[in-house]
Chemist: 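Submitted below is the structure of interest, expressed as structure tokens.
A, B, ... follow the sequence lines: proteins, then strands. Residue 1 opens every chain.
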There are 2 protein chains.
Amino acid sequence: MLVEDQAMVRGAMATLLSLEDDIEVVADLGSGEHAVAEARRVQPDVALLDIELPGISGIEVAAALTTAAPSCRVMIVTTFGRPGYLQRALDAGASGFLLKDAPVEELAVAIRRVHAGERVVDPELALSALQEGHDPLTTREHEVLQAARDHDSVAELARRLHLSEGTVRNHLSAVIQKLGARNRGEAVAIAEQRGWL
Amino acid sequence: MLVEDQAMVRGAMATLLSLEDDIEVVADLGSGEHAVAEARRVQPDVALLDIELPGISGIEVAAALTTAAPSCRVMIVTTFGRPGYLQRALDAGASGFLLKDAPVEELAVAIRRVHAGERVVDPELALSALQEGHDPLTTREHEVLQAARDHDSVAELARRLHLSEGTVRNHLSAVIQKLGARNRGEAVAIAEQRGWL
DNA sequence: ATCTGGCGATGACAGTTGTCATGCCCGCCA
DNA sequence: TGGCGGGCATGACAACTGTCATCGCCAGAT
């Protein structure tokens, strides 16, 4: 099963994989919601999931599949090698993590290995995931930083989160410290770049 | 000729296109610099260019091809339907503009039409490009906004651009007004989203 | 029983940001 | 020749932002 929002990429990968004798694309979907529903029906052997999807993310799909299609092995195929993504993907039960930067030839190989029960993870990425350490933000700090993404003022953030302005500022200040940023915008950028948002 | 930085997508598209009887992939590259050099040697009939590339952008490649491979028709194939991208692509001499959201089947069709001398542009995108109007920023405002992307303070921007702090603030203020933003960060986001950066 | 850490809040402070009025210099165009 | 717009600058002002000290509450760990 193939889940990828860009129709053209999805189509190209689908026909590519169909050329392999031992691989059949039983479903290809463009949204996470559809993917979970379809997986429940089809019960595929392997699911290839992009992370950035409209609606629910590939990570969330992976988590949902553990109950919706328990025998289905999950491999994440994504654009960005964000360390936090790898971490969360593995936590969500993924067996493989492949970058779209990798040559196509690796795709079929990786699928077979994942299907056989192996774990397939870019070793370089695994290393940098370890080096980055893990997300140092508390849940509240997360929420505040999330909300800060759309460039609202402190006052608006406070309103949206039902907090005092001072509290919002305190949380943001803490986040900026923890991430070593110089201001709010940079903090958002750093967190995004590490896959913590 | 196929230019796309994500190796896996590039590979998938290459084999896909190779399946067509009347299409041959004479070169596939992952960077704009290599693409221009290769095009000069190979002189392909059609070039498919992604916009977001490491180093020089697909738009710049398109412009370079008008002299490096004058007989080559250019089609942009990109993820984002930013109105400004379309505008600039056409200005740079592109004959086609296709989104990766489009179904694969359209790809070969579009290539043939572009090769035949037609223009191929998503009509919906063309419309929204007209509605957005064009980039209202002066060159200087552009530069300042560009520099502001990496979350520097006004003082640092001023240093980098060899301007007074007040001048930088004035330019930023003007940009914020023109784009209808509420602050610097939002201004950057709006400009990026419209393809003006 | 105490300590720790997350969460919320306040008040104060310095620093940064966005705005505005105003001025000067240039090049372009009518 | 004058007018207009872009670019650069200054100074002033209000608003916003980031930091810090300090407080209270609560839950989980030692």
Side-chain angles (χ1 to χ4, degrees), chain A residues 84 87-88 91 132-197, chain B residues 84 87-88 91 132-197:
Chain A
Q87 188 72 56
R88 284 192 280 158
D91 291 350
E132 295 282 11
H134 72 293
D135 188 344
L137 306 182
T138 69
T139 35
R140 213 38 169 176
E141 284 163 356
H142 249 106
E143 289 174 30
V144 176
L145 195 58
Q146 286 263 22
R149 284 209 287 187
D150 32 31
H151 313 289
D152 278 347
S153 69
V154 171
E156 284 162 305
L157 294 180
R159 216 170 303 130
R160 278 170 54 190
L161 299 168
H162 306 293
L163 288 175
S164 128
E165 298 194 14
T167 304
V168 171
R169 287 222 298 274
N170 286 340
H171 282 308
L172 285 174
S173 183
V175 170
I176 290 169
Q177 299 291 319
K178 287 186 181 177
L179 300 186
R182 288 167 305 169
N183 52 52
R184 196 186 305 186
E186 199 175 29
V188 170
I190 290 173
E192 272 176 344
Q193 184 245 311
R194 305 226 175 129
W196 290 339
L197 268 184
Chain B
Q87 187 72 56
R88 284 193 279 157
D91 290 350
E132 294 281 12
H134 72 291
D135 189 343
L137 305 182
T138 68
T139 35
R140 215 28 169 186
E141 285 164 355
H142 249 107
E143 288 175 30
V144 176
L145 194 59
Q146 285 263 22
R149 283 209 287 188
D150 31 32
H151 312 288
D152 279 347
S153 69
V154 171
E156 285 163 305
L157 295 180
R159 215 170 303 128
R160 279 170 53 191
L161 299 169
H162 306 293
L163 289 175
S164 130
E165 298 194 11
T167 305
V168 172
R169 287 223 295 274
N170 286 340
H171 283 309
L172 285 175
S173 182
V175 170
I176 289 169
Q177 299 291 320
K178 287 185 181 178
L179 300 186
R182 288 166 306 170
N183 52 53
R184 196 187 306 187
E186 199 175 28
V188 170
I190 290 174
E192 272 176 343
Q193 185 243 310
R194 305 227 176 128
W196 291 339
L197 267 183

Chemist: Check whether any side-chain N or O of B/S153 sits under 4.0 Å from OP1 or OP2 of D/dT17, and answer yes or no.
Modeler: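 B/S153 to D/dT17 OP1/OP2: no side-chain N or O under 4.0 Å.
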Chemist: Would you kindly give the CG-to-P distance between B/N170 and C/dG18, to the nearest whole Å?
Modeler: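 Answer to the nearest Å: 12 Å.
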Chemist: B/Q177 has an atom CD; how far is it from atom P of C/dG18, in whole Å?
Modeler: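 Result: 11 Å.
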Chemist: Is there side-chain contact between A/D152 and B/R182, with heavy atoms separated by less than 4.5 Å?
Modeler: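 Yes, side chains in contact.
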Chemist: Among the candidates C/dC7, C/dT19, D/dT19, find the nucleotide nearest to the side-chain atoms of A/R169.
Modeler: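 Among the listed nucleotides, the one closest to the side chain of A/R169 is D/dT19.
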Chemist: Please state how far atom NE2 in A/H171 lies from atom P in C/dC7, giving the value in whole angstrom units.
Modeler: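 Interatomic distance, NE2 of A/H171 to P of C/dC7: 6 Å.
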Chemist: A side-chain contact here means heavy atoms from C-beta on lying under 4.5 Å apart; do B/T167 and B/R140 qualify?
Modeler: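 No, their side chains stay 4.5 Å or more apart.
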Chemist: Would you state whether a donor and an acceptor, one from the side chain of B/N183 and one from the base of D/dC16, lie under 3.5 Å apart?
Modeler: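 Checked by distance alone, the answer is no.
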Chemist: Could you work out which one of C/dG8, D/dG6, D/dT19 sits closest to the side chain of A/L163?
Modeler: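 Of all the options, the side chain of A/L163 is nearest to C/dG8.
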Chemist: If you only use heavy atoms from C-beta on, which nucleotide in C/dC7, D/dT17, C/dT19 is closest to the side chain of A/V154?
Modeler: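 Comparing C/dC7, D/dT17, C/dT19 against the side chain of A/V154, the answer is D/dT17.
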Chemist: With a 4.5 Å limit on heavy-atom distance, are the side chains of A/H142 and A/D135 in contact?
Modeler: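 Yes, side chains in contact.
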Chemist: By nearest nucleotide on DNA chain D, pick out whichever of B/G166 and B/T139 is the more 5' one.
Modeler: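 Between the two, 5'-proximity favours B/T139.
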Chemist: Nearest-Å distance, CD (B/E186) to C1' (C/dT17)?
Modeler: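 It is 15 Å, rounded to the nearest whole Å.
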Chemist: Heavy atoms under 4.0 Å, any strand shown: does B/T167 hit a base, just sugar-phosphate, or nothing?
Modeler: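 It contacts base atoms.
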Chemist: Between D/dT19, D/dT17, C/dG18, which one does the side chain of A/S173 approach most closely?
Modeler: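 The listed nucleotide nearest to A/S173's side chain is D/dT19.
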Chemist: Do any side-chain nitrogens or oxygens of A/T138 fall under 4.0 Å of OP1 or OP2 in C/dG5?
Modeler: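 No, because none of the side-chain N or O atoms of A/T138 sits under 4.0 Å from OP1 or OP2 of C/dG5.
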Chemist: Provide the closest heavy-atom pair for B/A147 versus B/L157 in the form atom of the first, atom of the second, distance.
Modeler: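 Shortest heavy-atom separation between B/A147 and B/L157 comes out as O-CD2, 3.4 Å.
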Chemist: Taking the side chain as C-beta and beyond, is there a heavy-atom pair between A/E192 and A/R149 under 4.5 Å?
Modeler: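 Answer yes - side chains close enough.
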Chemist: Give the rounded distance in Å between these two atoms: CG of A/L161 and C1' of C/dG8.
Modeler: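 Those two atoms, CG and C1', are 13 Å apart.
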Chemist: Whole angstroms only, please: what is the CG-P distance between B/L137 and D/dG7?
Modeler: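 Checked: the CG to P distance equals 10 Å.
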Chemist: What's the closest nucleotide to the side chain of A/S164 if the choices are C/dT19, C/dT10, D/dA9?
Modeler: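 Selected nucleotide: C/dT10.
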Chemist: Whole Å only: how far is the NE2 atom of A/H142 from the C1' atom of C/dG6?
Modeler: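 Nearest whole value for this atom pair: 15 Å.
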Chemist: When the nearest nucleotide of DNA chain C is assigned to B/A181 and to A/H162 on a heavy-atom basis, which residue is associated with the more 5' position?
Modeler: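 With B/A181 and A/H162 compared, the 5'-side residue is A/H162.
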Chemist: Send over the distance from B/R140 CZ to D/dG6 P, rounded to a whole Å.
Modeler: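 Interatomic distance, CZ of B/R140 to P of D/dG6: 14 Å.
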